[in-house]
Student: 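If you scroll down you'll find the structure; I have some questions about it.
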Amino acid sequence: MVPARRMRRRKMADKKEDEQDTKELKKSDQVIAREEKKNKLAQEGVDLFPHNAEISHQVAEIVKEHSSDSEEDLKKRGVKVKVPGRILFMRRMGRATFFHISDSRDKLQVYIREDRVGENLYHLFSCIDIGDIILVEGGLFKTRTGELTVLAESFTFLAKCLYPLPEKWHGLQDVELRYRKRYLDLIMNPEIKQIFRLRSGIIAGIRNFFDERDYIEVETPMMHAIPGGALARPFKTFHNALGIDLYLRIAPELYLKRLIVGGFEKVYEINRNFRNEGISSEHNPEFTMLEFYEAYCDYNDMMDMTEELICGLCHDLLGKEELTFDGRTISLKRPWKRLKFKEALTQYSGMAPSRFDNKQEIITFASDLTGDKGPLSYGNALDVIFDKFVKQNLDHPTFIMNPPKEISPLAKADRDNPDEAERFELIMGGMEIANAFSELSDPAEQRVRFEQQVEERKKGDEEAHPIDEDYVEALEYGLPPTGGEGIGIDRLVMLFADKKSIREVILFPLLRPK
RNA sequence: GGCCCGUUAGCUCAACUGGUAGAGCAGCGGACUCUUAAUCCGCGGGUUGAAGGUUCGAGUCCUUCACGGGUCACCA
């Protein structure tokens with residue numbers, strides 16, 4: 001029995017669907033024309049959606065292997081190909097047609113003429129639309145203008161495209177449509193594929209870097225009973241069978257350190273974090289993070305490794321030692337600048353060092369900057385001033401070292417300055433790229449830090465870290481000295497790909513459903 | 001969340017101070033067997049994001065809403 005309430009809800013849902021259906025029934029002349037062709041082909045017994053395709057080459061392979069061959073070479077060798085691709089451009093000239101097919105890397109011209117393929121097949125070809133995916137069989141030659149071309153002997157359909165593609169010259173420009181229908185963006189704007197190839201290359205390069213250093217890659221839970229490891233608001237969900245609230249993880253940190261306790265000396269994880277916060281050109285609610293932890297290290301070692309990792313990636317993927325970002329040049333020449341948090345503050349805010357000793361004045365100053373957002377702690381106030389005055393000025397990679405201990409509840413206190421944390425943030429292109437520390441390993445100290453966070457939470461800081469007793473217990477078994485770091489992969493890709501918006505480096509960024 | 005901008009044909013874009021919504025590509029029909037943003041001739045295609053309002057008359061002005069972009073804030 002379906003409860004009455006649910007019935008009502010279903011009826012409403014049905015109604016909504018009906019409305020959508022009628023909307024979709026309004027087909028453009030373009031769609032009607034394509035469907036008519038599809039039906040005609042089906043009537044003639046053509047399989048428009050076959051189960052497989054017997055191919056000999058990819059488009060890019062042919063272009064790579066034969067672009068520089070001369071017409072005589074091609075004729076002599078008589079290279080035959082069976083190549084699949086999507087049709088993007090077409091020039092019909094009566095009994096002959098030129099068109100281009102493309103794969104993910106390149107495009108290739110095809111020449112089909114009635115006297116080669118026969119009247120029947122050429123007639124079938126008249127039912128082809130731009131956007132269809134076909135398999136072309138034929139031999140290679142060069143046109144009068146020297147373009148490598150397949151002279152078609154035959155072709156078969158691999159998929160019919162039932163909608164018109166965006167405009168061939170301008171591509172798909174509408175930013176919203178590009179994200180919502182990313183497949184169209186990828187079909188029409190080949191340069192977009194380069195961004196995601198680069199992204200894939202960065203991630204592969206990172207894996208290679210850590211694998212070479214005897215790290216193991218691990219996967220830790222993404223559903224947490226206590227969302228920890230960062231200061232951020234989580235997404236909440238519910239597990240039916242267990243009857244408990246769960247949170248999508250805001251960071252893998254606490255689990256990775258449990259693994260160090262367990263005896264893995266070097267671990268890394270590349271995966272998604274979820275933070276229930278605003279969306280901006282630098283923030284997507286789900287984002288990809290690399291976190292790595294190495295026993296018998298501290299944050300100084302992490303800085304060295306970070307330089308090595310990012311410089312290596314840049315060298316391997318871009319073949320240079322600098323990045324171009326938003327019209328600026330970011331030099332990656334080592335060693336990178338290392339600046340104390342407080343030095344950065346005085347240097348960029350223009351405020352005398354002594355003013356930072358007056359905690360109340362700093363808090364008032366920062367509160368004015370944020371507007372009326374409730375009371376700030378001294379540490380948070382310094383952080384506000386840092387974000388406002390310092391961060392945007394740091395283009396070249398800079399390690400901002402030793403922020404206040406009170407905003408770093410998982411980091412060891414600095415060995416010489418008990419109010420500071422042995423922690424750094426790496427800033428590049430005005431963005432925070434990495435965050436690392438000498439991991440706090442003293443369980444008693446960790447409990448005190450958690451308790452301080454609970455106090456902050458009571459005062460209204462929703463991002464303060466909740467206490468995680470199970471994690472403290474893990475520390476009580478002994479965490480060796482450990483350096484740990486998180487690197488925001490999306491932002492790193494932004495820098496490498498010279499994209500100012502994080503949505504340009506995420507295939508399917510979060511958008512409000514239409 | 002504040003402010004600014006945008007939303008017009010399948011796509012890319014026009015439409016002056018309010019006065020019959022246009023072009024290119026794409027589509028359809030025709031010509032065309034080395035074209036490449038092919039060319040030439042002809043044709044069709046619109047709830048101007050939605051709902052109200054002002055006006056004789058609204059794509060254009062006003063209000064509200066939806067979605068997106070930018071920016072600031074929140075936020076790592």
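Letters A, B, ... mirror the listed sequences (proteins, then strands); counts begin at 1. Small disclaimer: the values here were computed from a predicted structure and weren't measured.
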Student: Rounding to an integer number of Å, can you tell me how far A:Asp129 CG sits from B:rC28 C1'?
Tutor: 11 Å
Student: With A:Phe399 as reference, evaluate A:Phe437, A:Tyr299, A:Phe424, A:Phe341 under the ring-ring contact (aromatic ring centres under 6.0 Å, His included) test and give the passing residue.
Tutor: A:Phe424
Student: Check whether the ring centres of A:Phe125 and A:Phe99 lie less than 6.0 Å apart, and answer yes or no.
Tutor: yes
Student: About how many Å separate CD of A:Glu455 and OG of A:Ser377, when rounded to the nearest 0.5 Å?
Tutor: 12.5 Å
Student: Taking C-beta and beyond as the side chain, do A:Phe365 and A:Ile385 meet within less than 4.5 Å on heavy atoms?
Tutor: yes
Student: Considering only atom P, compute the distance from B:rA15 to B:rU8 and round it to an integer number of Å.
Tutor: 14 Å
Student: So which pairs with a foot in residues 122-131 of chain A pass side-chain hydrogen bond (donor to acceptor under 3.5 Å, both in side chains), sequence neighbours left out?
Tutor: A:Lys37-A:Asp129, A:Thr97-A:Tyr122, A:Asp129-A:Lys160
Student: At a cut-off of 3.5 Å, list every protein nitrogen or oxygen paired with a nitrogen or oxygen from nucleotides 41-45 of chain B, distance to 0.1 Å.
Tutor:
{"residue": "B:rG44", "atom": "N2", "partner": "A:Asp29", "partner atom": "OD2", "Å": "2.1"}

Student: Quick one, which residues of residues 178-194 of chain A touch RNA chain B with a heavy atom under 4.0 Å?
Tutor: A:Tyr179, A:Arg180
Student: Taking NZ, NE, NH1 and NH2 as the nitrogens, is one of them in A:Asp103 or A:Arg105 under 4.0 Å from a carboxylate oxygen of the other?
Tutor: no
Student: In residues 491-511 of chain A, which residues come under 4.0 Å of RNA chain B by heavy atom?
Tutor: A:Lys500, A:Arg503, A:Leu511
Student: Does A:Asn402 offer a backbone N or O that forms a donor-acceptor pair with the side chain of A:Lys342 under 3.5 Å?
Tutor: no
Student: Which is true for A:Gln109 with a 4.0 Å heavy-atom rule: it touches a base, it touches only sugar-phosphate, or it touches nothing?
Tutor: base
Student: Going by heavy atoms closer than 4.0 Å, what residues in residues 112-123 of chain A are next to RNA chain B?
Tutor: A:Arg113, A:Asp115
Student: Over all strands shown, is A:Gly488 touching base, sugar-phosphate only, or nothing at heavy-atom distances under 4.0 angstrom?
Tutor: nothing
Student: In residues 89-96 of chain A, which ones come under 4.0 Å of RNA chain B, going by heavy atoms?
Tutor: A:Arg91, A:Arg92, A:Met93, A:Gly94, A:Arg95, A:Ala96
Student: Rounding to a whole Å, what distance do you find between A:Ile32:CD1 and B:rA26:C1'?
Tutor: 15 Å
